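Report on one structure; see the data block that follows.
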Amino acid sequence: MNAQNNLTENETRPSNFVWDIVDEHNASGRFGGQVITRFPPEPNGYLHIGHSKAISLNFETARRYGGKCNLRFDDTNPAKEEQEYIDGIIEDIRWLGFDWGDKIYYASDYFRQLYEWAVQLIKQGVAYVDHLSADEIREYRGTLTEPGKNSPYRDRSVEENLALFEKMKSGDFKDGECVLRAKIDMASPNINLRDPVLYRILHEAHPRTGNQWCIYPMYDWAHGQSDSIEGVTHSICTLEFEAHRPLYDWFLDQLGIHHPQQIEFARLNLTYTVMSKRMLKQLVDEGHVGGWNDPRMPTLSGLRRRGYTPKAIRDLCDRTGVAKSNGVVEIEHLEHTIRQDLNRHALRRMAVLDPIKVVIVNYPKGLVEEVEMINNPEDESAGTRKAPFSRELYIEREDFMEDPPRKFFRLSPGSEVRLRYAYFIICTGVIKDADGKIVEVHCTYDPETRGGNAPDGRKVKATLHWLSAPHARTAEVRLYDRLFVEPEPGKDFLNALNPDSLTVLGHCYIEPALIDAGLGEHYQFERIGYFCLDPDSTDGKPIFNRTVTLRDTWAKIQQKQA
RNA sequence: UGGGGAGUGGCCAAGUGGUAAGGCACUGGCCUUUGGAGCCAGGUACCGAAGGUUCGAAUCCUUCCUCCCCAGCCA
């Protein structure tokens, strides 16, 4: 079960265009064969599975070329960032299985340097303090088709700008009173070059620098230089920053410092979920889910609680390729990688979610036998266990039909099935309550079939899971379904929420061996799906989350028949 | 619309002038003490479109179409 943190376990990682670029650099000697990358999250929310694509790409690129990957928090906006998120992000990346060495980097560590570089730009005559309001700046910026116009404050003297910027820093201005802007080109067809804002005034305490600063660098001003300071060679980011690259290059050129190569790739999107921190935060804040780690959330903490493994998530990242075209990966792909991992590693257990009682009428009253069960048919070393068998059992209600349709192989009057690892049984009748609801299924068993095989070689078409009624323990089981009913929820995502994304089964039965289940362990409930213990569990009341169902051929047959 | 990107089977994605990998999904079959897993097989992909160059183009040229990103003192 610990193999999940072994990154080298049989992973096939196809090459990609990013590595082609690195190969070219290595061939030309552009960075002297060095490869340094970084994963730069903003601590304004929890990481989701989309981030794992960027995490994986950055760390794997560094590993592939014998370089290193820094974890750096882009903490330039104290209005939105919190220590809670920093801690969560660290935990999530560790859990995913990546290692960034002993140092954690923060953009806030570069505030002083960034400030000095801003002064340098002012002295070079390419930055100025602007007293236009936010609204005015927007108006002056022009539109996509019309050029902007210069701010009336654009041509202040170097001395005046220096003095004003100093006053900004020392707190002489209120929030929003003025900003520091780069003096580039208000008519540029690339809007990012129309005198972008470098610093804004924010009288706000920062999680790490406290009240040391009241001016904070904008992302665009901080990001490229942070990479430069760390000697990053390949600055891998998502597509939307492509148009910002000329701006970063402009800054680096003006400052005359190390130029990383920015490479943009398409972020990972999945069907039936949303991958935007803003939307996820809204789901949390408005109570549509139980929190950032709600098992229905695509957050790493949510997936972890749901029972997803780091291996499955890494596999998805490796197998969906790195490209520049924006696409949406079907959620089925993720379900495949988690099933593949869990099939190999999860211990098999018996659980009956929706029980119906079965009485073996010819089985001796009071007799209890022990049958041996295999813990994992995919892994002999997982061994076997013993389970009690008695006259009264529970089976899954849906495994019995009084009037079965075609191709229903399970239990029905007169039909013979196998109780896994136990006996063949034949249904001889049912007991119903006043409402006509079946409360008991009566069967006879064949003592010759102990263990599940008939000496005469006769076959059965179905094998059912079961529990000895007097020995069964109770548990709550939470079934999760996709959070949205639309493959691509879009802007109107709240209206696409799936009302049945969570089903709580309060009274299920589990086999005695499951009482010892621990957090972080993965189980297959035979014939049902994969489950794990939820942290909400208490001593007297275990709670299991369904990670994913088993592939269900019968469900498909039913759909076709309907 | 100005600028920046992208278009290869249902979904991802290889391919970079020589006649379309692979994965997921799907469909058959085999096997099976999980209708799980596994194994085998399958889909005429006219490579966004139209022209052109070439003995030969998904790959080169031209034009066009569609989709995504940018007008935060967010990142």
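Only a predicted model underlies this, so the values are computations on that prediction, with no experimental measurement involved.
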Base-contact (B) and sugar-phosphate-only (S) positions in nucleotides 5-15 of chain B, heavy-atom cut-off under 4.0 Å, - elsewhere: SSS--BSSSS-

Under the 3.5 Å Watson-Crick or G-U criterion, the dot-bracket string of RNA chain B, with | for inter-strand pairs: .(((((((.[[[..)..(...]]].(((((.......))))).....[[[[[..)....]]]]])))))).....

Identify which nucleotide among [options] has an atom closest to any side-chain atom of [X], counting heavy atoms from C-beta outward.
| X | options | value |
| --- | --- | --- |
| A:Ile191 | B:rG2, B:rU34, B:rA37 | B:rG2 |
| A:Leu550 | B:rG35, B:rU34, B:rA37 | B:rU34 |
| A:Ala243 | B:rA75, B:rA37, B:rG3 | B:rG3 |
| A:Val179 | B:rA75, B:rC73, B:rG35 | B:rC73 |
| A:Thr463 | B:rU34, B:rA37, B:rG28 | B:rU34 |
| A:Phe408 | B:rG36, B:rG35, B:rC74 | B:rG35 |

No-H, no-angle donor-acceptor pair, A:Glu378 side chain to B:rG36 base, under 3.5 Å: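 Result: at least one qualifying N/O pair found.
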
Presence of donor-acceptor pair under 3.5 Å, side chain of A:Arg410 and base of B:rG35: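 Check passes, donor-acceptor contact within cut-off.
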
Distance in angstrom units between A:His223 NE2 and B:rA75 P, rounded: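 That distance rounds to 12 Å.
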
For atom CE of A:Met218 and atom C1' of B:rC73, their distance in whole Å: 6 Å

Ring geometry between A:Tyr106 and A:Phe73 (parallel below 30°, tilted from 30 to 60°, perpendicular above 60°):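 Correct class here is parallel.
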
Collect all protein-nucleotide pairs involving nucleotides 46-49 of chain B in which both atoms are nitrogen or oxygen and the distance is under 3.5 Å.
none

Residues A:Asp220 and A:Tyr248: side-chain donor-acceptor under 3.5 angstrom: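 A donor-acceptor contact under 3.5 Å links the two side chains.
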
Under-4.0 Å salt bridge between A:Arg314 and A:Asp318: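 A:Asp318 and A:Arg314: not salt-bridged.
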
